[in-house]
Amino acid sequence: MADKKKLLLLDGSSLAFRSFYGLLDLNRFKNQNGLHTNALYAFNRILTRLFEVEQPTHMLVAFDAGKTTFRTEYFKEYKGGRQTMPSELAEQWPYFSVLIEAMGSKTYELPNYEADDIIGTYARMAEEQGFDVVIITGDKDLTQLATDQTRVDITVKGVSELKSYTPESIREEMGIEPLQIIDMKGLMGDSSDNYPGVTKVGEKTALKLLKEYGSIENLYEHVDEMKKSKMKENLINDKELAFMSKKLATIDLATPVSYSLDELIVTDENKEELVSFYREMNFNTFLRDLDHTEEDVSDSFEKITYTHLDEITEAHFTNDMALYVEMLEDNYHYGTIVSVAWGDANTIYTASPETVKASIPFKEWAANEEMKKAVYDAKRTQVILHYAGITLNGIHFDTLLASYIINTKDTGRDIAAVAQEYGYTEVSYDETVYGKGAKQAVPEDADIVNEHLARKIKAIQTLRPQLEAEFEKDNLTELYYEIELPLALILAEMEMTGITVEPARLEKMKVEFAARLTEMEKGIYTEAGEEFNVNSPKQLSIILFEKMGLPVIKKTKTGYSTAVDVLEKLSATAPIAQMILDYRQLAKLQSTYVEGLLKYIKPETGKIHTIYTQTLTQTGRLSSNEPNLQNIPVRMEEGRKIRQAFVPSHPDWQIFASDYSQIELRVLAHISEDAHMKEAFIEEQDIHTSTAMRVFGIEDEAEVTGNVRRQAKAVNFGIVYGISDYGLSQNLGISRPEAKTFIDTYFEKYPGIKQFMTDIVEEAKEKGFVETLFHRRRYLPDINSSNFNLRSFAERTAINSPIQGTAADILKIAMIRMNKALKEKNMKTRMLLQVHDELIFECPPEEIEVLEKLVPEIMENAVSLSVPLLVDSHYGNSWYEAK
DNA sequence: GTTGTCACG
DNA sequence: ACGTACGTGACAACA
């Protein structure tokens with residue numbers, strides 16, 4: 001039997017817009033003639049993926065023809081008030097059809113009709129002939145077309161992620177049939193299409209009404225029977241609007257289209273046209289992907305020359321070379337070197353790890369501070385070489401770190417991705433050379449590896465001037481050379497030093513926890529009346545909500561939620577809920593911390609070596625992994641005991657820890673210049689108590705109870721996160737209006753904070769990014785999005801990132817100064833860990849006295865703000881005791 | 001590979 | 001009315 005026919009219908013206009021905003025990097029995506037290409041680039045990616053995933057037999061991309069349509073005839077404001085298309089998108093518009101047709105599909109537009117109507121018409125036509133139909137769009141209105149044969153996929157974020165709508169999923173999510181979407185729209189209106197609906201009726205109310213009455217028509221037949229209410233009045237007053245809005249939302253299924261279905265058959269891609277299109281747009285990766293299907297990878301590269309050395313001499317080194325050490329494993333504390341490459345603009349050398357390790361000239365060059373080196377990932381390179389017995393000094397440029405500083409989205413391990421972004425395409429992806437997953441392997445032919453590395457050397461050299469130019473342009477030079485690059489080397493030292501963890505202590509806990517977990521399981525089984533896997537949220541929810549019939553409090557995407565807040569609510573009536581909470585807590589400790597950490601202790605040294613990722617977070621913080629030492633339990637006593645296993649590496653030594661008190665709020669006080677918040681810090685008041693007094697109008701400090709202070713604390717946290725009344729109400733377990741009152745009063749009492757929030761969002765909307773005190777940037781492409789969720793998220797991020805980021809900058813500076821001071825004073829103390837606002841050291845007892853003054857002094861004076869910074873220090877025989 | 005949950009600042 | 005706190009990583013289960 002032949003495969004079933006499948007028609008793929010794309011809303012070209014909607015996807016083009018989303019492509020444009022989803023990849024809003026106008027500087028980078030330009031062709032040789034200065035034409036912007038970002039939307040075309042993203043659109044190409046969707047098309048390629050859709051062909052691959054959907055494998056349609058028939059396809060059409062529909063576009064809106066123009067502003068006037070049959071809808072504007074009876075409501076002239078329809079889609080009014082829309083911003084005009086940005087010129088950067090308009091200039092790309094003519095090329096969409098070129099691309100689509102080269103790929104083997106047709107495009108279509110029809111005067112007076114929207115893309116929706118074309119799509120609806122063809123969908124119905126195809127269904128009648130037994131096709132499967134898939135519709136791709138960014139417009140939720142099209143879900144009205146979903147049937148058993150037709151699936152509607154809506155873009156969620158940008159264009160890369162799609163959410164599928166079928167009649168069942170619509171029923172499940174909204175409790176109505178696809179066709180009732182039209183009635184829903186009629187009642188609630190649509191602000192982006194600019195039609196009104198009924199006053200004060202939104203999605204929730206509309207759904208409620210539809211569940212009761214089924215349709216707008218039926219609703220108005222029974223409107224007189226409704227109880228007297230404001231809503232009833234609104235319904236009656238806006239009756240005409242409701243019917244008109246419904247008409248506007250209804251997709252025309254009998255549009256006079258001209259192609260027959262047979263004419264929509266997908267044809268083979270027109271390779272010649274595609275090649276010339278990609279050339280014109282400077283889409284080198286896509287060009288390469290086209291080649292891949294026929295030719296060998298390296299054939300599309302320019303030739304590169306390099307020399308493989310079996311014996312290395314001093315003549316093979318000069319000042320200012322690039323260096324790359326290849327290792328496939330992510331965790332470089334345990335990996336094996338594959339090969340090494342270095343060179344300058346004229347000459348590139350490669351050598352085997354054995355040759356390099358045995359070479360005195362190489363070691364001397366590597367250790368020589370005067371011989372400058374450029375690398376990709378300085379920290380990684382330095383640690384790898386350290387394990388090979390080679391000290392690496394004189395690193396003056398790190399391509400990876402540089403690209404991350406310029407754009408925090410560049411976090412990758414693969415140099416090819418970064419290189420490509422800056423227009424250098426003469427280097428393969430690691431995946432291409434080594435494969436991935438289980439199939440990953442070093443090619444037998446050593447020349448393949450060495451040529452690959454030679455190209456990486458070339459990439460490092462080619463990229464550097466471009467990256468430096470970006471630094472100058474964006475005022476990032478100081479952040480890079482004074483903070484990030486020196487920090488990379490300090491983090492390398494910390495990782496290599498590691499922290500001693502006593503396995504015996506953890507083993508003991510493991511046995512005890514295992515026994516207790518078995519006991520707890522038994523209790524839970526008894527309560528449930530059967531055995532099941534408590535660790536499975538799915539099995540658990542069946543027991544709780546289906547078998548035991550407990551009330552459902554919250555749902556997840558896939559079923560019932562069994563998260564902490566839910567179980568806490570249930571625990572009032574069902575003892576099993578509390579038992580599960582206790583079980584979960586202990587199971588977490590056992591799997592992640594006891595067993596998890598044991599796996600990472602190096603038997604030879606008894607130490608754990610984490611890896612700090614310096615190029616990952618969007619705010620400038622570090623992250624820690626394999627294992628994560630930034631989330632070792634502390635809030636609950638039971639978990640906190642894990643810290644007893646973290647001890648100094650010498651007998652009698654101490655663990656010394658210093659943390660900033662309220663650094664984020666102090667940063668906020670500084671950047672917002674809010675008088676009251678500044679005053680609280682300058683006068684060394686307890687900030688949460690001070691907030692409580694102002695917000696709740698308490699005169700006497702003694703009258704601030706624990707509970708009131710707790711609420712004020714939650715408000716302060718909320719402020720830093722970009723507050724919402726809903727979030728605060730959830731956090732405090734109070735009603736939304738109550739939360740709103742707190743926030744309103746807060747803004748009244750701290751007008752500077754309110755002003756800061758308005759200003760920073762405004763600034764983000766204008767510039768497209770926000771920055772920290774030290775000019776670290778975070779781009780916010782969604783800040784002007786028409787999608788409420790995306791935009792709101794970006795707005796909260798605009799508020800939070802400069803605060804969190806500046807705090808991160810400050811601790812980074814403190815780390816650099818601290819490292820310097822320890823060296824200058826010839827101290828034995830070692831910096832071991834960084835946990836966002838605290839530093840952890842190990843030290844001999846005789847240095848405690850010095851540290852107690854030195855660490856706070858350096859941390860408190862790392863920067864000078866308009867409010868003081870305050871540091872608390874503690875020490876003891878283990879991390880647990882340093883509290 | 002994705003989802004839900006939970007550990008930290 | 002919209003649906004929410006900001007930033008992370010690891011684990012077990014399940015597709």
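Each chain gets a letter, A, B and so on, in the order its sequence line appears, and its residues count up from 1.
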**Item:** OP1 or OP2 of dT3(B) under 4.0 Å from side-chain N/O of Lys538(A)
**Value:** no

**Prompt:** Under 3.5 Å, is there a donor-acceptor pair linking the side chains of Asp238(A) and Thr199(A)?
**Reply:** yes

**Asked** Checking all strands, does Ala714(A) fall into the base, sugar-phosphate, or nothing category for heavy-atom contacts under 4.0 angstrom?
**Response** base

**Asked** For residues Ser623(A) and Thr617(A), is any side-chain donor paired with an opposing acceptor at under 3.5 Å?
**Response** no

**Asked** Hey, does the side chain of Arg621(A) come within less than 4.0 Å of dG7(C)'s phosphate (OP1/OP2), counting only N and O?
**Response** no

**Fill in**
5'-most contact on DNA chain C (nearest-nucleotide basis), Leu622(A) vs Lys200(A), goes to Lys200(A)

**Message:** In whole Å, measure the gap between the P atoms of dA7(B) and dC2(C) for me.
**Reply:** 32 Å

**Asked** Quick one: Gln662(A) CD to dG9(B) C1', roughly how many Å, whole number?
**Response** 12 Å

**Asked** Which part of the nucleic acid does Leu589(A) contact within heavy-atom distance under 4.0 Å: base, sugar-phosphate only, or nothing?
**Response** nothing

**Request:** Check every strand shown and say whether Val634(A) touches a base, only sugar-phosphate, or nothing at a heavy-atom separation below 4.0 Å.
**Result:** sugar-phosphate

**Gap between atoms CG and C1', on Leu567(A) and dG4(B) respectively (whole Å)** = 12 Å

**Complete:** Mate of dC2(C) across any strand shown (Watson-Crick or G-U wobble, both atom pairs under 3.5 Å) is none

**Request:** Enter the distance from Lys538(A):NZ to Asn533(A):CG here, rounded to the nearest 0.5 Å.
**Result:** 12.0 Å

**Request:** Classify the nucleic acid contact of Ile803(A) as base, sugar-phosphate or nothing, counting any heavy atom under 4.0 Å across all strands shown.
**Result:** nothing

**Interatomic distance where CD belongs to Glu795(A) and C1' belongs to dC2(C) [whole Å]** = 12 Å

**Asked** Should Asn789(A) and Ser792(A) be marked as a side chain to side chain contact (heavy atoms under 4.5 Å, CB included) after you check the CA-CA gap, both sets of side-chain angles, and the distance that decides it?
**Response** CA-CA 5 Å; Asn789(A) 275 333; Ser792(A) 305; 5.5 Å; no

**Message:** If only side-chain N and O atoms count, and only distance matters, is there a donor-acceptor pair under 3.5 Å linking Asp153(A) with Ser164(A)?
**Reply:** yes

**Prompt:** So which nucleotide does dC14(C) pair with, by the Watson-Crick or G-U wobble rule with both distances under 3.5 Å?
**Reply:** dG1(B)

**Prompt:** Looking only at side chains, do Thr806(A) and Thr772(A) share a donor and an acceptor under 3.5 Å apart?
**Reply:** no

**Asked** Atom CE of Met188(A) and atom C1' of dG3(C): how far apart are they, to the nearest Å?
**Response** 13 Å

**Ring-face cation of Lys740(A) near Phe742(A) (centre distance under 6.0 Å, axis angle within 45°)** = no

**Message:** Does dT4(C) have its OP1 or OP2 closer than 4.0 Å to a side-chain nitrogen or oxygen of Ser792(A)?
**Reply:** no

**Message:** Suppose you measure atom P in dC8(B) against the same atom in dG3(C); what distance do you get, rounded to whole Å?
**Reply:** 31 Å

**Complete:** Considering only heavy side-chain atoms of Lys204(A), the closest of dC2(C), dG7(C), dT4(C) is dC2(C)

**Prompt:** With a 4.0 Å cut-off on heavy atoms, is Gly718(A) in touch with a base, just the backbone sugar-phosphate, or nothing at all?
**Reply:** base

**Prompt:** Counting any heavy atom closer than 4.0 Å, what does Arg778(A) reach on the DNA or RNA strands: base, sugar-phosphate only, or nothing?
**Reply:** sugar-phosphate

**Asked** Once you round to the nearest 0.5 Å, how far does CD1 of Ile840(A) lie from NE2 of His874(A)?
**Response** 11.5 Å

**Message:** Quick check: any donor-acceptor pair below 3.5 Å linking the side-chain of Ser724(A) to the base of dT4(C)?
**Reply:** yes

**Message:** At less than 4.0 Å, is any side-chain N or O atom of Thr562(A) found next to OP1 or OP2 of dT5(B)? Yes or no.
**Reply:** yes

**Prompt:** Taking atom C1' of dC8(B) as reference, at what distance in whole Å does atom OH of Tyr593(A) sit?
**Reply:** 7 Å

**Asked** Hey, does the side chain of Asp782(A) reach the backbone of Ala794(A) with a donor-acceptor pair shorter than 3.5 angstrom?
**Response** no

**Message:** For a quick check of understanding: with a heavy-atom distance under 4.0 Å over all strands, which category does Gln585(A) fall into, base, sugar-phosphate or nothing?
**Reply:** sugar-phosphate

**Asked** Which value, in whole Å, describes the distance between the P atoms of nucleotides dT4(C) and dT3(B)?
**Response** 15 Å

**Request:** Examine dC6(C): is either OP1 or OP2 under 4.0 Å from a nitrogen or oxygen in the side chain of Ser801(A)? Give yes or no.
**Result:** no

**Item:** 5′-ward residue of the pair Glu203(A)/Val715(A) relative to DNA chain C
**Value:** Glu203(A)

**Prompt:** Do Arg736(A) and Tyr726(A) pass the side chain to side chain contact (heavy atoms under 4.5 Å, CB included) test, and can you show the C-alpha distance, the side-chain angles, and the key distance before you say yes or no?
**Reply:** CA-CA 6 Å; Arg736(A) 222 165 128 167; Tyr726(A) 180 87; 3.8 Å; yes

**Request:** Cation-pi check, Arg380(A) to Tyr332(A): give yes when NZ or CZ is under 6.0 Å from the six-membered ring centre and within 45° of the ring axis, no otherwise.
**Result:** no

**Request:** With rounding to the nearest 0.5 Å, note down the distance linking CD1 in Ile810(A) to CD1 in Ile663(A).
**Result:** 4.5 Å

**Request:** Could you check which of dC14(C), dG4(B), dA7(B) has an atom nearest any side-chain atom of Gln539(A)?
**Result:** dC14(C)

**Prompt:** dC6(B) phosphate, OP1 or OP2: any side-chain N/O from Arg584(A) under 4.0 angstrom?
**Reply:** yes

**Request:** Considering just the side-chain nitrogens and oxygens of Ser561(A), establish if one lies under 4.0 Å of OP1 or OP2 belonging to dT5(B).
**Result:** yes

**Request:** Give the C-alpha distance, both sets of side-chain angles, the deciding distance and a yes or no for side chain to side chain donor-acceptor pair (under 3.5 Å) between Gln834(A) and Gln630(A).
**Result:** CA-CA 7 Å; Gln834(A) 189 255 42; Gln630(A) 291 181 321; 3.1 Å; yes

**Message:** Please pick, from dG7(C), dT3(B), dG9(C), the nucleotide with the shortest atom-to-atom distance to any side-chain atom of Thr797(A).
**Reply:** dG7(C)

**Message:** Rounding to an integer number of Å, can you tell me how far Leu187(A) CG sits from dA1(C) C1'?
**Reply:** 14 Å

**Message:** Taking atom types as they are modelled, would you say the side chain of Gln804(A) forms a donor-acceptor pair with the base of dC6(C) within the 3.5 Å cutoff?
**Reply:** yes

Protein-nucleotides 10-12 of chain C N/O pairs under 3.5 Å:
residue, atom, partner, partner atom, Å
dA10(C), OP1, Glu626(A), N, 2.7

**Asked** Expressed in angstrom and rounded to an integer, what is the separation of Met184(A) atom CE from dA1(C) atom C1'?
**Response** 12 Å

**Request:** Check if the side chain of Arg796(A) and the base of dG7(C) share a donor-acceptor pair of N or O atoms closer than 3.5 Å.
**Result:** no

**Asked** Between residues 831-839 of chain A and DNA chain B, which residues have a heavy-atom gap below 4.0 Å?
**Response** Val835(A), His836(A), Asp837(A)

**Asked** Tell me: CD1 of Ile632(A) to P of dT8(C), nearest whole Å?
**Response** 19 Å

